[in-house]
Amino acid sequence: MQNRIVMLADFDYFYAQCEELRDPAIKDKPIVVGVYSGRTEESGAVSTSNYVARKYAVKSGMPLFLAKRKLEGTDAVFFHVDHEYYDQISDRIMQIFRGYATSLEQVSVDEAYLDVTEQVEGSFEKAREYAQKIKADVKTQVGISFTIGVGPNKLVAKIACDSQKPDGLTIVRPEEARFFLAPLDVDRLLGVGKKTMVRMEQMGIKTIGDLAKYDCQRLIEVFGKVIGIYFHNAANAVDNEAVVEQGEAESISRIGTLKQDTRDLEFILQKTTELTADVYREVSEKNLSFKTVAIYMVMVDLSSKTRSITLEQPAKSKAAIETNVRLLFEKYLAESTLEIRRVGVKVSGFSREEPKQKQLSSFFQSI
DNA sequence: CACCCATGTCGAC
DNA sequence: TTACGGTCGACATGGGTG
Ligand SMILES: Nc1ccn([C@H]2C[C@H](O)[C@@H](COP(=O)(O)OP(=O)(O)OP(=O)(O)O)O2)c(=O)n1
């Protein structure tokens, strides 16, 4: 694990680029890919947008009505997310990546780490040409552009990647890594978002360089042992995490927005029945048993709650999800007053154990 | 103590 | 006088058990 060379490949404005690939005629227009909640015709949020739309300050996660307002007067095009299509394209690219790396760690639909130490014989010089070759290959075969960051570990590769996109290639050598990170704001580190940045600011930490100098013991006191040490190491460009194949998902969930805000149990269960059916289909396709069933609620004020129950035995039937979801909602509704906007169903604690005796229904369903 | 459970927070994408 | 997605994982905390 000495002197590794790690790449992070991140597809450019991915969902929106997929839409451009499907219909190149729209390439010069602002493109927004949205998740539509179904509450009203236009309610939902931005999943991503192309760089033309980004010039108008459209951002991932933004409510669609805001994106529409910002793009008023342009010939912007809006799409509903089409995960099947994006997954297909992603799978083809990931397959190509496999041929270029000793190990591949796919971290999302559009991001993967490649350990290419052997392929480039430990040389960052060769890594540049190698990265260009991968980019050209994918561009030719699939037609998608992406950005590559190269570094001595995953952490540095990630930040290198973020530093120049789209269609970028940034290489940070081990001896440069600390100096490369030092001037950047702390939120460039994986795991530092808005809340943590504010806390760090109050501690007088603004840049990664500030964090690197900060007393490690103090960090542990403030953030806990695991995260404190992680922050200390990360700020010093130290990261020994190997590039490893991702295992199977540890939870499967579905969440949806209700047509109206409500506290009515039957109205809620009508929605969770659909969600449960979806969760169940995926669980049974993968032939998984689960041990924990959870519900999720988002209130009108956008605050959220979860409730969960761990079963005595692993289960695998739809009924096992449904009855527990009902139980959990009955219990929760009795102890709160806020109206509910969105609800979710989640199962976790997977195994391939067969439920012991009883639950004949699941036996028959599995035939 | 080690491990499990329930819940919450935060963050990434 | 509005209006705002979905899915996943890591970790902390505070309770329990053997
Ligand atoms: N809040 C978010 C962020 C991202 N995504 C989805 C849509 C993106 O296309 C994909 C990848 O996310 P990235 O953060 O990598 O962003 P993009 O690939 O869209 O843009 P960039 O070119 O900045 O990487 O994940 C999402 O649904 N919701």
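Here is the naming used below: chain letters follow the sequence lines, and residue numbers restart at 1 for every chain.
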Expressed in angstrom and rounded to an integer, what is the separation of Leu8(A) atom CG from dA12(B) atom P? 14 Å
Closest to the Lys194(A) side chain: dT7(B), dC13(B), dG11(B)? dG11(B)
Select one nucleotide: of dT7(C), dC13(B), dG11(B), the one nearest the side-chain heavy atoms of Leu190(A). dC13(B)
At less than 4.0 Å, is any side-chain N or O atom of Ser308(A) found next to OP1 or OP2 of dT7(B)? Yes or no. yes
Over all strands shown, is Val109(A) touching base, sugar-phosphate only, or nothing at heavy-atom distances under 4.0 angstrom? nothing
Listing, residues 186-193 of chain A side-chain donor-acceptor contacts under 3.5 Å, not counting sequence neighbours, or none:
none

Any non-hydrogen side-chain atom of Phe78(A) less than 4.5 Å from a side-chain atom of Lys68(A)? yes
In whole Å, what is the span from the CG atom of Leu189(A) to the P atom of dC13(B)? 12 Å
Grab the CG-C1' distance between Asp187(A) and dA12(B) for me, whole Å please. 13 Å
Within less than 4.0 Å of OP1 or OP2 of dG5(C), is there a side-chain N or O belonging to Arg39(A)? no
Have a look at Gly344(A) and say if it touches a base, only the backbone sugar-phosphate, or nothing, with a 4.0 Å heavy-atom cut-off. nothing
Does a side-chain N or O from Ser47(A) land closer than 4.0 Å to OP1 or OP2 of dG5(C), or not? no
We want to know whether Asp87(A) and Ser90(A) form a side-chain donor-acceptor pair, criterion being a heavy-atom distance below 3.5 angstrom. no
Heavy-atom check, side chain of Thr48(A) versus side chain of Arg54(A), under 4.5 Å: yes
Contact pattern, 5' to 3', of nucleotides 8-18 of chain C - B, S or - by protein heavy atom under 4.0 Å: SSSSS------
Against the side chain of Ser37(A), the closest entry in dG6(C), dA12(B), dT7(B) is dG6(C)
Specify the separation, in whole Å, of atom CE of Met62(A) and atom P of dG5(C). 13 Å
Using whole Å, what does the distance between atom P of nucleotide dC4(C) and atom CD of Glu41(A) come to? 13 Å
Any base atoms under 4.0 Å from Thr257(A), or only sugar-phosphate, or nothing? Heavy atoms, all strands. sugar-phosphate
More than 12 heavy atoms from other groups under 6.0 Å of CZ on Phe179(A): no
Roughly, in whole Å, what's the span from CZ in Arg341(A) to P in dA3(C)? 7 Å
Under 4.0 Å between a side-chain N or O of Thr40(A) and OP1 or OP2 of dA3(C)? no
Taking only residues at least two apart or on different chains, which pairs with a member in residues 111-130 of chain A satisfy ring-ring contact (aromatic ring centres under 6.0 Å, His included)? Tyr100(A)-Tyr130(A)
Among dG8(B), dC5(B), dG5(C), the nucleotide that comes nearest once only the side chain of Lys291(A) is considered: dC5(B)
Would you say Ser43(A) reaches dA3(C)'s phosphate, i.e. side-chain N/O to OP1/OP2 under 4.0 Å? no
What I'd like to find out is whether the side chain of Glu19(A) reaches to under 4.5 Å of the side chain of Tyr86(A), using heavy atoms alone. yes
What side-chain donor-acceptor pairs closer than 3.5 Å can you find for residues 163-178 of chain A, not counting sequence neighbours?
unit_1: Ser163(A); atom_1: OG; unit_2: Ala160(A); atom_2: O; d: 2.7
unit_1: Lys165(A); atom_1: NZ; unit_2: Asp10(A); atom_2: OD2; d: 3.3
unit_1: Asp167(A); atom_1: OD1; unit_2: Lys135(A); atom_2: NZ; d: 3.0
unit_1: Arg173(A); atom_1: NH2; unit_2: Glu125(A); atom_2: OE1; d: 3.3
unit_1: Glu176(A); atom_1: OE1; unit_2: Arg173(A); atom_2: N; d: 2.8
unit_1: Arg178(A); atom_1: NH1; unit_2: Asn236(A); atom_2: OD1; d: 2.7

Which residues in residues 65-81 of chain A have at least one heavy atom lying under 4.0 Å from any atom of DNA chain B? none
When all nucleic acid strands are considered with a 4.0 Å heavy-atom cut-off, which category describes Ser60(A): base, sugar-phosphate, or nothing? nothing
In the structure I gave you, are the side-chain heavy atoms of Val150(A) and Cys161(A) within less than 4.5 Å of one another anywhere? no
Indicate, with a heavy-atom threshold strictly under 4.0 Å, whether Glu42(A) touches base, sugar-phosphate, or nothing. nothing
Rounded to whole Å, please give me the gap between CE in Met197(A) and P in dG11(B). 9 Å
Nearest-angstrom distance, P atom, dC13(B) to dC4(C): 26 Å
Between Lys271(A) and Glu274(A), does any NZ, NE, NH1 or NH2 come within less than 4.0 Å of an OD or OE carboxylate oxygen? yes
Figure out the CD/P separation between Gln260(A) and dC4(C), and round it to whole Å. 13 Å
Hey, could you give me each pair passing ring-ring contact (aromatic ring centres under 6.0 Å, His included) that has a residue in residues 32-51 of chain A? Not counting sequence neighbours. Tyr13(A)-Tyr51(A), Tyr36(A)-His80(A)
